[in-house]
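Every number for a ligand or one of its atoms is a count from 1 in the order of the listing. Because the structure is a prediction, the values reported are computed rather than measured.
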Amino acid sequence: MSSELPLLLETINFAAEKHRNQRRKDPDATPYINHPIGVARILSHEGGVTDIEVLQAAVLHDTVEDTDTTFEELEAMFGNKVAKIVQEVTDDKTLPKQERKLQQVEHALHCSHQAKLVKLADKLYNLRDLNRCTPEGWTAVRAQEYFVWAAQVVKRLRGTNTALEEKLLQLFKERDVDM
Ligand SMILES: Nc1nc2c(ncn2[C@@H]2O[C@H](COP(=O)(O)OP(=O)(O)O)[C@@H](OP(=O)(O)OP(=O)(O)O)[C@H]2O)c(=O)[nH]1
Ligand SMILES: [Mn+2]
């Protein structure tokens with residue numbers, strides 16, 4: 001574990017620099033890096049995950065999708081395994097939004113166990129964030145639709161991590177969303 005700590009800090013620092021100018025969509029415009037750090041923290045603290053590659057991939061999971069970061073760069077910095085997990089959880093932003101959302105539902109089933117863990121924690125963080133406050137420009141209907149879509153993704157991630165899945169199920173129940 002001791003050798004993993006500097007590596008994790010290196011990873012967090014890399015993501016912080018990449019997301020430097022990005023903000024969340026909440027009214028306070030929270031620094032974006034709060035999200036990937038929170039996703040890794042959910043995995044560790046609530047999911048009991050100790051796999052360093054999964055925790056690193058969680059920290060890096062939105063760098064390619066939302067910044068100028070490339071997979072080649074991640075591979076060179078953090079190795080093939082971490083880069084591959086990030087690749088699995090990265091949406092193709094050239095696709096129209098509807099198709100992108102549909103692809104996530106379809107791809108969820110075929111992801112690696114490591115990628116499934118990151119996906120579960122990403123959804124858990126975002127759904128809690130939606131309960132905390134509505135993003136700028138979002139209606140209550142849009143927030144509810146996000147819950148409905150997320151449930152379709154999470155349904156296909158079942159059998160990955162009991163603790164995280166139970167917490168997600170509870171959030172869906174509170175919104176009367178079937179999973
Ligand atoms: N709930 C919430 N989400 C915010 C906020 N700020 C940024 N986001 C991000 O917005 C995405 C969800 O918004 P959408 O409109 O559905 O997706 P889009 O940005 O990709 O078009 C999530 O992306 P993602 O992490 O890549 O996950 P995913 O939803 O694509 O799986 C989430 O992290 C915020 O204040 N609250
Ligand atoms: Mn995310």
Practice task
Measure up the Trp138 and Tyr146 rings against each other and bin them: parallel (under 30°), tilted (30 to 60°), perpendicular (over 60°).
Solution key: tilted
Exercise for the section: With heavy atoms of Pro135 as the reference, note each atom of ligand 1 found under 4.0 Å away. Expected result: 36 (N)
Practice task
From the options Val89, Thr90, Asn126, select the one whose nearest heavy atom is closest to atom 1 (N) of ligand 1.
Solution key: Asn126
Handout entry: Close-contact set for ligand 1 against Asp26 heavy atoms, below 4.0 Å
Key = 35 (O)
Exercise for the section: May I have the angle between Asp62 OD2 and Asp122 OD1 with its vertex at the Mn ion (ligand 2), rounded to 10°? Expected result: 170°
Handout entry: Within 45° cone and under 6.0 Å: Arg24 NZ/CZ vs Tyr32 ring
Key = yes
Exercise for the section: Return the option from Lys93, Lys25, Lys101 holding the heavy atom at the smallest distance from atom 11 (C) of ligand 1. Expected result: Lys25
Fill in the blank from the handout: ligand 1 to Leu130, heavy atom cutoff 4.0 Å, flagged ligand atoms 1 (N)
Exercise for the section: Identify whether the distance between the nearest side-chain nitrogen and carboxylate oxygen of Lys18 and Glu73 falls below 4.0 Å. Expected result: yes
Problem - Single-linkage hydrophobic cluster, 4.5 Å side-chain cutoff, Leu171 and Val148 together - result: yes
Problem - Asp66/Lys93 salt bridge by N-O under 4.0 Å criterion - result: yes
Exercise for the section: Indicate yes or no: does Asp122 engage Lys119 in a salt bridge with an N to O separation below 4.0 Å. Expected result: no
Exercise for the section: Check each atom of ligand 1 against the heavy atoms of Lys123 and keep those under 4.0 Å away; list them by number with element. Expected result: 28 (P), 31 (O)
Problem - Verdict with reasoning, Glu174 to Gln170, per side chain to side chain donor-acceptor pair (under 3.5 Å) - result: CA-CA 6 Å; Glu174 286 166 16; Gln170 182 58 34; 3.2 Å; yes
Completion exercise
Per-atom filter on ligand 1: closer than 4.0 angstrom to a heavy atom of Gln104 are 28 (P), 30 (O), 31 (O)
Practice task
Decide whether an N or O pair under 3.5 Å exists between Arg100 and ligand 1.
Solution key: yes
Handout entry: Check: Glu65 N/O within less than 3.5 Å of ligand 1 N/O
Key = yes
Problem - From the candidates Lys97, His35, His61, the one that places a heavy atom nearest atom 18 (P) of ligand 1 - result: Lys97
Handout entry: Salt bridge Arg128-Glu46, side-chain N to carboxylate O under 4.0 Å
Key = yes
